[in-house]
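Before any comments, here is the structure.
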Amino acid sequence: MIEETTPLLKRIDAMPAIPWNDFREATRITRDLLAELANDKNSLRILTDRIASSPELLAQCECHELLERLDLYDGRDRNFQIRFNFTTPNHSVRPHDHRYSFSTFILRGKYKHIWFDPGQAIYDNEADEQALNHLDKNHPDSETGVVTTRMTPLFVTTESVGAQYTIHHSTVHATITTPESLSIIIKGPGEKSRSLIADRESGKIWWRFGRQMENLDRVNSKKMSFEYYQQLRSKLSEWGITQ
């Protein structure tokens with residue numbers, strides 16, 4: 001059986017590695033590609049539908065408290081992955097960074113985006129082995145030394161449909177979204193072992209690691225079922241994101 005494709009998807013398959021060590025060039029490449037994808041509903045439909053026949057892609061799709069993600073394309077051999085990020089109805093100002101740099105294109109809804117000066121060193125006071133005991137808000141890290149009140153908002157932007165931005169992995173930011181917002185992202189490879197999550201209201205700190213460092217219970221707790229994937233796929237069609 002010949003896999004359904006498009007000219008854009010063929011070009012993605014033939015893309016060379018994205019040079020994230022040249023952040024400006026990686027930004028240019030990924031933002032141009034996202035703009036093309038956002039306007040190619042057929043390619044987005046094909047990528048979304050492929051998850052149904054790819055256990056590897058489905059296994060990478062995850063449900064978190066503030067977002068749910070569909071992994072559309074795995075190009076890790078060339079330094080990138082493509083994902084849909086669906087926001088949930090839950091909202092909290094959580095300054096955080098990422099293990100990787102990424103570019104995003106907003107397809108639906110609005111994002112209030114807060115950019116922070118962290119005000120302190122984040123990773124200097126603790127080994128990964130200790131941080132691995134603190135992977136969610138119910139198991140916060142009280143020994144890290146990171147103080148949320150030192151994190152100062154630098155500026156706030158409101159990003160609407162069609163907005164694009166690129167985030168370096170060292171950036172600390174937070175987003176608050178309107179219900180059922182959606183973005184598509186292209187992410188680079190992990191450039192550090194963990195990233196920080198801070199809750200401004202409670203002052204709690206916890207960490208996020210790559211899946212290869214997480215225990216099986218943590219991995220299983222965020223797995224997306226095939227049935228829920230089908231619900232998200234239907235939403236994309238209903239919203240006119242895919243065709």
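Because only heavy atoms are used, hydrogens play no part in the values below, and waters and symmetry mates are left out as well, while side chains stay in.
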Rounded distance [0.5 Å steps], OG1 in T148 versus CD in Q120: 8.5 Å
Contact summary for R200 and P95, nearest pair of heavy atoms: CG-CD, 3.4 Å
Pairwise side-chain contact, I82 with D74, heavy-atom cut-off 4.5 Å (strictly under): no
Residues F105, R31; criterion side chain to side chain contact (heavy atoms under 4.5 Å, CB included); working and verdict: CA-CA 8 Å; F105 188 109; R31 290 177 68 160; over 6 Å; no
E143: partners by salt bridge (charged side-chain N to carboxylate O under 4.0 Å, His left out), with sequence neighbours left out: none
Closest non-hydrogen atom pair, L37 against L8: CD2-CD2, 3.8 Å
E25 versus T27, side-chain donor and acceptor atoms under 3.5 Å: no
Shared hydrophobic cluster for L236 and F226 (ILVMFWY, side-chain gaps under 4.5 Å): yes
Between R218 and N215: side-chain donor-acceptor atoms closer than 3.5 Å: no
Heavy-atom check, side chain of S181 versus side chain of Y111, under 4.5 Å: yes
Closest non-hydrogen atom pair between A26 and P19, with its separation: CB-O, 3.7 Å
Residues R211 and E214 bridged, charged N to O under 4.0 Å: no
Electrostatic pair R150-D117, nearest N-O below 4.0 angstrom: no
Parallel, tilted or perpendicular: rings of H96 and H98 (30°, 60°): perpendicular
NZ-OG1 distance between K187 and T104, expressed to the nearest 0.5 angstrom: 13.5 Å
Remaining members of the apolar cluster that contains F209, side-chain heavy atoms under 4.5 Å: V93, I114, F116, I122, Y123, L132, L135, V146, M151, V156, V172, I176, L196, I205, W207, M213
Distance in Å, I106 CD1 paired with S183 OG, rounded so as to fall on 0.5 Å steps: 6.5 Å
Flag side-chain contact, heavy atom, 4.5 Å: K10 against T6: no
Heavy-atom closest contact (R78 atom, M15 atom, distance): CD-O, 2.9 Å
Pair N79, Y100: side-chain N/O donor-acceptor within cut-off below 3.5 Å: no
Modelled atom types, side-chain donor and acceptor of Q81 and Q60, under 3.5 Å: yes
Pair H173 and H168, ring centroids less than 6.0 Å apart: no
Short N-O contact, D71 and R69, less than 4.0 angstrom: yes
With sequence neighbours excluded, residues passing side chain to side chain contact (heavy atoms under 4.5 Å, CB included) with S234: E238
Minimal non-hydrogen separation, M224 against L58, with atom names: O-CD1, 4.2 Å
Cluster link L34 to L107, ILVMFWY, side chain under 4.5 Å: yes
Derivation and outcome, side chain to side chain contact (heavy atoms under 4.5 Å, CB included), residues F84 and L47: CA-CA 10 Å; F84 276 137; L47 288 174; over 6 Å; no
Heavy-atom side-chain contact between D40 and L9 under 4.5 Å: no
Cationic N near anionic O, under 4.0 Å, R11 to E36: yes
Short N-O contact, R83 and E62, less than 4.0 angstrom: no
Close side-chain approach of D141 and W206, heavy atoms under 4.5 Å: no
Sub-6.0 Å ring centroid separation between H113 and Y165: yes
Validation row: Y228, E68 side chains within 4.5 angstrom (heavy atoms): yes
Taking every non-hydrogen atom, the tightest pair across W20 and G188: NE1-CA, 3.3 Å
Flag side-chain contact, heavy atom, 4.5 Å: S101 against I167: no
Point-to-point distance, once rounded to the nearest 0.5 Å, from OG of S225 to CD of Q230: 8.5 Å
Residue from L57, I184, I185 passing side-chain contact (heavy atoms from CB on, under 4.5 Å) with L72: I184
Non-hydrogen side-chain atoms of I29 and S103 separated by less than 4.5 Å: no
Salt-bridge present (E65, K137; N to O < 4.0 Å): yes
